[in-house]
Amino acid sequence: MSQEKAVAGGDDIVDEESASRALSEQQLVRRQKLAKLQAEGRDPFAQLTWNHSHHSADIKRDFEALENKDVSIAGRVMSFRDIGKAAFVDLQDRDGRVQVYLNAEALGDEVYAHIKTWDVGDIVGVEGFVFRTRRGEISVHAKRMVLLTKALEPLPEKFHGLKDPEIRYRRRYLDLVMNPQVMDTFKKRTLIIKAIREYLDSREYIEVDTPILSTIASGAAARPFVTKSNALNLQLYLRIATELYLKRCIVGGMERVYDMGKNFRNEGIDIRHNPEFTMIELYQAYADYKDMMELCENMVAYAAEKATGSAKVMYQGTEIDLSPPWRRLTMVDAVKEYGKLDFGAVKTDAEAQDIAKKHGLEHELKKKLKDCTKGDILNAAFEKYAEEHLIQPTFIMDYPADISPLTKQKPGDPTMTERFEAFIYGRELANAYSELNDPIVQLERFQQQSRERELGDDEAYMFDEDFISSLEVGMPPTGGMGIGVDRLIMFLTDAYSIRDVILFPTMKPV
RNA sequence: GGGCCGUUAGCUCAGCUGGUAGAGCAGCAGACUCUUAAUCUGCGGGUCGCAGGUUCGAUCCCUGCACGGCUCACCA
């Protein structure tokens, strides 16, 4: 093989590996180059540190001040233009790219010859002075260049990049290297999460960690993941919500708490659902759902400004204005407006069932029609007629009590609750209540959920006896809210799929 | 779970109702001291996702499977 003649040494190692791993020609060439470097005592994997003084963005931003001054940079070789006794290298670091200029005169012929063992994808350190090329490109003229890590696999194509979604999600490191907008999205993700913490911390919220493992997965309607403790010989669930633990913190007197972290729901996977996802739940004593509405719109607008510089964002070609105040609409009014149905005039479940039949709502309902309450049917009508129209941020207020087992009833109407959901682009973003703190009513609601579980609804809320006990100790009137953090990040980064805002989304093994 | 689509070189993609595959980038050899999708000359690189079937012959047609994408359903 001609490459073996061209690059001496290390053939035994290469042959052994190729037998077990079926290396491509390009992988073999790079291993041979590595073996040569190691044989010469220049093993890139023996490098320990590199002191770098600047990142690529610093050099471009502060060019005036840095011109002709020495800098030390490091990064990945993204392209290599060898023109004989000189070469241009595009070096990529955390912030972007900067060009490096190498020539034999500055480096010496012997050192310059080392570039024969460099490839696109390698990680190098460069020391040199900052200058502008004749074509105007801000560059670093290398006086010293050290191979810090050898890439044994070639990078995807430099012009078209990496497109295959399967490789992008499975091998996110390649996606991050090749697609700058991916790096940008995940930097924004950090800014958004930081902004949320800042916003709450500055309002005297305490951030707490509640259990992920527990014997009861309650606080939401969802199927949990099941696991097992060897030490306790006990079946445990991964949490589906943090609600019941955070309310215990309120009972204990913390007054304002939140938990931002992963929840796990053993359900379908699509562009809006990943089995593990980030959720923030927050609870504020002596507040109600109207206070939560104000908190929601202000906090989201704050996060948007911190991450994107504006409260107006473009999402999939539509401008979304997150500036408060957001539109407020009751569920009954939303169904009246978009579905031309007046549930305010409906008195009985039977009347509602007639409407459901007339409007073909059976498909939207989980239960048999005769078991459906007016509340179930109102919710179905809302989902069918109204939800998709809620493009600009909208609070839908006052949900039926039947579908809100942890929520305080509306004064004067026990069939409805003080609950809202925030919708943007037709999708739910937040869910909030005036929290139910009456232990006797809460017990009845749990008992109702247990009956539904016995009837086969394995998403009905699990009964949590200690939570009832905590309410018996006394929870002050409290407003609480949950926000799907990944979904918020989707809006603020214009991401089509939730997989584009989760670094390592859940995938089947190949 | 249903439907549609995809899987060909390291990457991005071609491949004609069937005759065992091409391009660009990347790689290798050579030339070139201001290039930037560098350029020029030459060369190598394939289990056509996997398993069956039809056929003289399958990347191509059929069946099944795997993985992925979109979508509907389920689901916050």
Side-chain angles (χ1 to χ4, degrees), chain A residues 1-7 22-30 32-33 77-91 97-107 109 112 116 119-121 131-139 141 151-171 174-175 177-179 219-223 240-241 263 265-275 277 279 363-366 379 383 387 403 421-423 427-431 457-459 482-484 486-487 496-499 505 507-510:
Chain A
M1 210 193 254
S2 62
Q3 292 82 16
E4 283 173 5
K5 262 178 257 161
V7 186
L23 295 172
S24 71
E25 177 198 351
Q26 299 197 43
Q27 288 172 313
L28 283 169
V29 167
R30 285 166 183 248
Q32 285 158 0
K33 287 178 178 174
V77 174
M78 297 305 291
S79 70
F80 207 98
R81 293 178 293 283
D82 177 0
I83 53 167
K85 288 284 169 60
F88 293 89
V89 168
D90 291 329
L91 202 66
R97 296 186 184 185
V98 67
Q99 179 171 269
V100 173
Y101 176 61
L102 307 162
N103 70 23
E105 199 183 334
L107 293 166
D109 286 337
Y112 185 78
K116 291 284 169 199
D119 285 296
V120 169
F131 77 114
R132 202 188 273 277
T133 63
R134 274 172 223 164
R135 297 284 186 89
E137 175 97 14
I138 292 170
S139 306
H141 191 127
L152 297 180
E153 189 180 320
L155 288 180
E157 204 249 353
K158 66 183 171 191
F159 188 61
H160 297 94
L162 177 65
K163 288 184 173 172
D164 183 342
E166 185 164 353
I167 302 176
R168 288 187 49 222
Y169 297 142
R170 283 189 198 280
R171 307 185 70 195
L174 285 176
D175 197 23
V177 169
M178 297 309 298
N179 296 316
R223 277 174 294 180
I240 57 171
N263 281 357
R265 297 189 182 176
N266 206 343
E267 282 160 2
I269 300 173
D270 61 35
I271 54 166
R272 267 162 270 167
H273 299 84
N274 195 62
F277 61 101
M279 172 106 124
H363 303 292
E364 323 283 319
L365 291 159
K366 286 185 250 178
N379 187 53
E383 285 176 4
E387 222 173 66
I403 58 168
E421 291 189 355
F423 287 86
R427 299 178 189 170
E428 181 205 339
L429 178 75
N431 183 15
D457 180 0
D458 53 6
E459 281 153 19
I483 296 178
D486 305 294
R487 289 191 185 171
Y496 177 69
S497 167
I498 196 168
R499 287 190 185 98
M507 304 284 278
K508 273 197 191 186
V510 184

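All values reported here derive from a predicted model rather than from experimental measurement. Convention: sequence-line order gives letters A, B, ...; per-chain numbering from 1.
Looking at residues two or more places apart in sequence or on another chain, you find no salt bridge (charged side-chain N to carboxylate O under 4.0 Å, His left out) involving Glu267(A). In this structure, the side-chain hydrogen bond (donor to acceptor under 3.5 Å, both in side chains) partners of Arg168(A), at least two apart in sequence or on a different chain, are Asp175(A). Qualifying salt bridge (charged side-chain N to carboxylate O under 4.0 Å, His left out) partners for Glu459(A), counting only residues two or more places apart in sequence or in other chains: Arg223(A). Here Glu105(A) pairs with nothing under the side-chain hydrogen bond (donor to acceptor under 3.5 Å, both in side chains) rule; sequence neighbours left out.
Salt-bridge formation is detected for the pair Glu153(A)/Arg171(A): a Lys NZ or Arg NE/NH1/NH2 atom is positioned less than 4.0 Å from an Asp or Glu carboxylate oxygen. A salt bridge links Asp90(A) to Arg81(A): one of the charged nitrogens lies within less than 4.0 Å of a carboxylate oxygen.
Between the C1' atoms of A58(B) and U8(B), the separation comes to 14 Å (whole Å). Between G53(B) and G18(B), the two C1' atoms lie 15 Å apart (nearest whole Å). Taking atom P in both G44(B) and U63(B), one finds a spacing of 40 Å when rounded to whole Å. Between G1(B) and G64(B), the distance separating the two P atoms is 15 Å to the nearest Å. Taking the P atoms as reference points, U59(B) lies 13 Å from U47(B), given to the whole Å. The separation of U41(B) from G57(B), taken at their C1' atoms, amounts to 39 Å, rounded to a whole angstrom. Between G45(B) and A23(B), the two P atoms lie 13 Å apart (nearest whole Å). Taking atom C1' in both U7(B) and C13(B), the straight-line distance is 13 Å, to the nearest Å.
Side-chain nitrogen and oxygen atoms of Arg135(A) include at least one within less than 4.0 Å of the OP1 or OP2 phosphate oxygen of U35(B). Considering only side-chain N and O atoms, Arg272(A) lies nowhere under 4.0 angstrom from the phosphate OP1 or OP2 of C75(B). For C32(B), the OP1/OP2 oxygens have no side-chain nitrogen or oxygen of Arg81(A) closer than 4.0 Å. For Tyr496(A) and U71(B), the shortest distance from a side-chain N or O to OP1 or OP2 is below 4.0 Å. Within the structure, every side-chain polar atom (N or O) of Lys163(A) is placed at least 4.0 Å from both OP1 and OP2 of G69(B).
For the side chain to side chain contact (heavy atoms under 4.5 Å, CB included) criterion with Pro505(A), the lone passing option out of Asp486(A), Asn274(A), Ile498(A) is Asn274(A).
As a whole-Å value, the separation of Asp270(A) CG from A73(B) C1' is 11 Å. In this entry the distance linking OH of Tyr101(A) with P of U36(B) reads 14 Å, nearest Å. We find that CD1 of Ile403(A) is positioned 14 Å from C1' of C75(B), with the value rounded to whole Å. A straight line from CG of Asn179(A) to P of U12(B) spans 10 Å, rounded to a whole angstrom. In this structure, Phe88(A) places its CZ atom 16 Å from P of C32(B), rounding to the nearest Å. To the nearest angstrom, C1' of A29(B) lies 14 Å from CD of Gln32(A). Atoms CG (Asn103(A)) and P (C32(B)) sit 15 Å apart, rounded to a whole Å.
Between Glu428(A) and Gly161(A), the one whose closest nucleotide on RNA chain B sits nearer the 5' end is Gly161(A). Toward the 5′ end of RNA chain B lies the nearest nucleotide of Val89(A), the other residue of the pair Ile271(A) and Val89(A) mapping further downstream.
Residue contacts shown for Arg170(A) are limited to sugar-phosphate atoms, with no base heavy atom under 4.0 Å away. Residue contacts for Ala222(A): at a heavy-atom cut-off of 4.0 Å it reaches the sugar-phosphate backbone alone, with no base atom in range. Looking at heavy-atom distances under 4.0 Å, Asp82(A) makes contact with a base. Heavy atoms of Glu153(A) sit nowhere under 4.0 angstrom from any nucleic acid atom. When heavy atoms are screened at a 4.0 angstrom cut-off, Arg265(A) is found touching the sugar-phosphate backbone but no base atom. Using a 4.0 Å heavy-atom cutoff across all strands shown, Thr133(A) reaches at least one base atom of the nucleic acid. Gly484(A) comes within 4.0 angstrom of no nucleic acid atom, judged by non-hydrogen atoms across all strands. Contact annotation for Met507(A): backbone-only contact, meaning every heavy-atom pair under 4.0 Å involves sugar-phosphate atoms and none involves a base. Among the heavy atoms of the strands, none lies under 4.0 Å from Arg132(A).
Distances were taken from every side-chain heavy atom of Gln99(A) (C-beta onward) to each of A37(B), U35(B), G27(B); the shortest belongs to U35(B). Comparing C67(B), G27(B), C34(B) by their closest approach to the side chain of Lys508(A) singles out C67(B). Closest to the side chain of Glu166(A), from the set C67(B), U33(B), C74(B), is C67(B). Among A37(B), C28(B), G69(B), the nucleotide with an atom closest to any side-chain atom of Tyr169(A) is G69(B). Of the candidates C70(B), G10(B), C28(B), the closest approach to any side-chain atom of Pro154(A) belongs to G10(B). Closest to the side chain of Glu105(A), from the set C70(B), A37(B), U33(B), is U33(B). Out of G69(B), C67(B), U12(B), the shortest distance to the side chain of Leu162(A) is found at U12(B). The nucleotide whose nearest atom lies closest to any side-chain atom of Asp164(A) is, among U33(B), A73(B), U12(B), U12(B). Out of G10(B), G68(B), G27(B), the shortest distance to the side chain of Ser24(A) is found at G10(B).
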Note to self: For RNA chain B, please output the secondary structure as dot-bracket, reading 5' to 3'. Pairs are Watson-Crick or G-U wobble, both atom distances under 3.5 Å; mark crossing pairs with [ ], other-strand partners with |, unpaired with a dot.
What the structure shows: (((((((..((((.....[..)))).(((((.......))))).....(((((..]....))))))))))))....
Nucleotide N/O to protein N/O under 3.5 Å, stretch nucleotides 22-24 of chain B:
none

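A donor and an acceptor atom sit less than 3.5 Å apart, one in the side chain of Gln26(A) and one in the base of G10(B).
Minimum interatomic distance between Ala106(A) and His141(A) (heavy atoms only, all atoms of both residues): CB-NE2, 3.7 Å. Glu387(A) and Phe423(A) get closest at one heavy-atom pair: CG-CE2, 3.4 Å.
No donor-acceptor distance shorter than 3.5 angstrom exists from the side chain of Tyr169(A) to the backbone of Arg499(A), with no hydrogens or angles considered. Of the possible polar contacts, one joining the Arg265(A) side chain to the Ile240(A) backbone as a donor-acceptor pair under 3.5 Å is found.
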Next item on the list: Would you check, one step at a time, whether the test side chain to side chain donor-acceptor pair (under 3.5 Å) holds for Gln99(A) with Arg135(A)?
Entry: CA-CA 12 Å; Gln99(A) 179 171 269; Arg135(A) 297 284 186 89; over 6 Å; no
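Below 30°, between 30° and 60°, or above 60°: for Tyr101(A) and Phe88(A) the angle between ring planes is between 30° and 60°, a tilted geometry.
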